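See structure below.
Since the model is a prediction, treat every value here as computed from it, not as a measurement. Each chain gets a letter, A, B and so on, in the order the sequences are listed, and its residues count up from 1.
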There are 2 protein chains.
Amino acid sequence: MSGLTIGDLSTRTGLAVSAIRFYETHGIVHPVRNAGGHRRYDKADLRRLSFAMIAQRLGFSLADIAAHMAHLPTHKAPSKTDWSKISKTMRIDITERITQLEKLRDRLDGCIGCGCLSLASCALYNPSDTLGALGAGPRTLLTD
Amino acid sequence: MSGLTIGDLSTRTGLAVSAIRFYETHGIVHPVRNAGGHRRYDKADLRRLSFAMIAQRLGFSLADIAAHMAHLPTHKAPSKTDWSKISKTMRIDITERITQLEKLRDRLDGCIGCGCLSLASCALYNPSDTLGALGAGPRTLLTD
DNA sequence: CCTTGATCTAAAGTGCACTTGAGAAATTAT
DNA sequence: ATAATTTCTCAAGTGCACTTTAGATCAAGG
């Protein structure tokens, strides 16, 4: 009657019980304890976990997600406004990721596809535009 | 005179020496040994490593990459045709990834953005279209 | 020739995101 | 009341992609 069990969350989110406990250590959920020391969750925690799962699929690390969710109230249900604030800031990151992926794909077509991969003039090695968000990448590749 | 050293590859690709050795254990490069037991690389290995780095940025695991590169000749420089065959098959995967990301982003807008995140009717929990490629995801999220 | 720097191997360590295992206590079902 | 199930904690293990460490050997410049 007073809150959901970790098993309830598990069946309703599809997450393993161990994963939910793990997420707690990262500040994604903040259950309270009942008399026997068992975790009791709020319905809002279903949203928190679902949001975390989706954000992970979008390529965010748990640390990223926890940082974003730190802006939500800890022990009361976040409002629609709370959620939409977060999703708006994340949307920017997502769009950036998509853009980078598209750029890399197009370059793969034009550059690897044609076999020029190692030429200094190759767009893939042009250091002028930062691909830093997706990794370090080749810095200098002299003539082959 | 007979081939590039691992240090040469490191400075020209930006990869750590240890990473290049690690990639060798995964079949990305196949250096030969000189009289003293040191690795000697071919120019074509620059392309192999560069390709691997780019593919990683595109979200491929080393195992994926090694599998794709298994179709290249091991001890002679791959032809343009060899490379373009690989990039064509990878392009399909990349486009799929981008499509999934876009779908998720759009749903984030329409679904998390509006706060409905936990409704059974939410498009994010619609199991009809497989998001399996990007992870397991929530299976059932009953009414909240 | 000799020193300095690069490379060698093998094993252990790192960070992320979890899972597994063990033994005990709480909860639920019969 | 008893059995079955769930949950608890804490430590250790897993897989990926590497890095670090240690001690030894190789190669190159003065």
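Listed candidates were dA17(D), dC8(C), dC18(C). Nearest to the side chain of Phe22(B) is dA17(D). Side-chain atoms of Gln56(A) lie closest to dC18(C) of the nucleotides dA17(D), dC18(C), dT7(D). Among the nucleotides dT19(D), dT9(D), dA17(C), the one closest to any side-chain atom of Ser61(A) is dA17(C). With dT19(D), dC8(D), dT19(C) as the candidates, the nucleotide lying closest to the side chain of Arg39(A) is dC8(D). Among dA17(D), dT20(D), dC8(D), the nucleotide with an atom closest to any side-chain atom of Ser18(B) is dT20(D). Nearest to the side chain of Val17(A), among dT9(C), dT19(D), dT7(D), sits dT7(D).
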For Met90(B) and Phe51(B): C-alpha separation, side-chain torsions, deciding distance, then whether side chain to side chain contact (heavy atoms under 4.5 Å, CB included) applies. CA-CA 11 Å; Met90(B) 290 184 102; Phe51(B) 184 80; 3.1 Å; yes

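Closest of all the heavy-atom pairs between Asp45(A) and His30(A) is OD1-N, 4.4 Å.
Leu15(A) places its CG atom 8 Å from the P atom of dC18(C), with the value rounded to the nearest Å. When the P atom of dT19(C) is taken as reference, atom CZ of Arg21(A) falls 11 Å away, rounded to whole Å. For the pair Arg33(B) CZ and dA6(C) P, the interatomic distance rounds to 19 Å; values are reported in whole Å. The interatomic distance linking Glu24(B) (CD) with dT19(D) (P) rounds to 15 Å, in whole Å.
The side chain of Tyr23(A) places no N or O atom within less than 4.0 Å of a non-bridging phosphate oxygen (OP1 or OP2) of dA17(C). At the phosphate of dT7(D), OP1 or OP2 sits under 4.0 Å from a side-chain N or O atom of Thr5(A).
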Table of protein N/O atoms under 3.5 Å from nucleotides 26-30 of chain D N/O atoms:
{"unit_1": "dC26(D)", "atom_1": "O4'", "unit_2": "His38(B)", "atom_2": "NE2", "d": "3.4"}
{"unit_1": "dA27(D)", "atom_1": "OP1", "unit_2": "Asn34(B)", "atom_2": "ND2", "d": "3.1"}

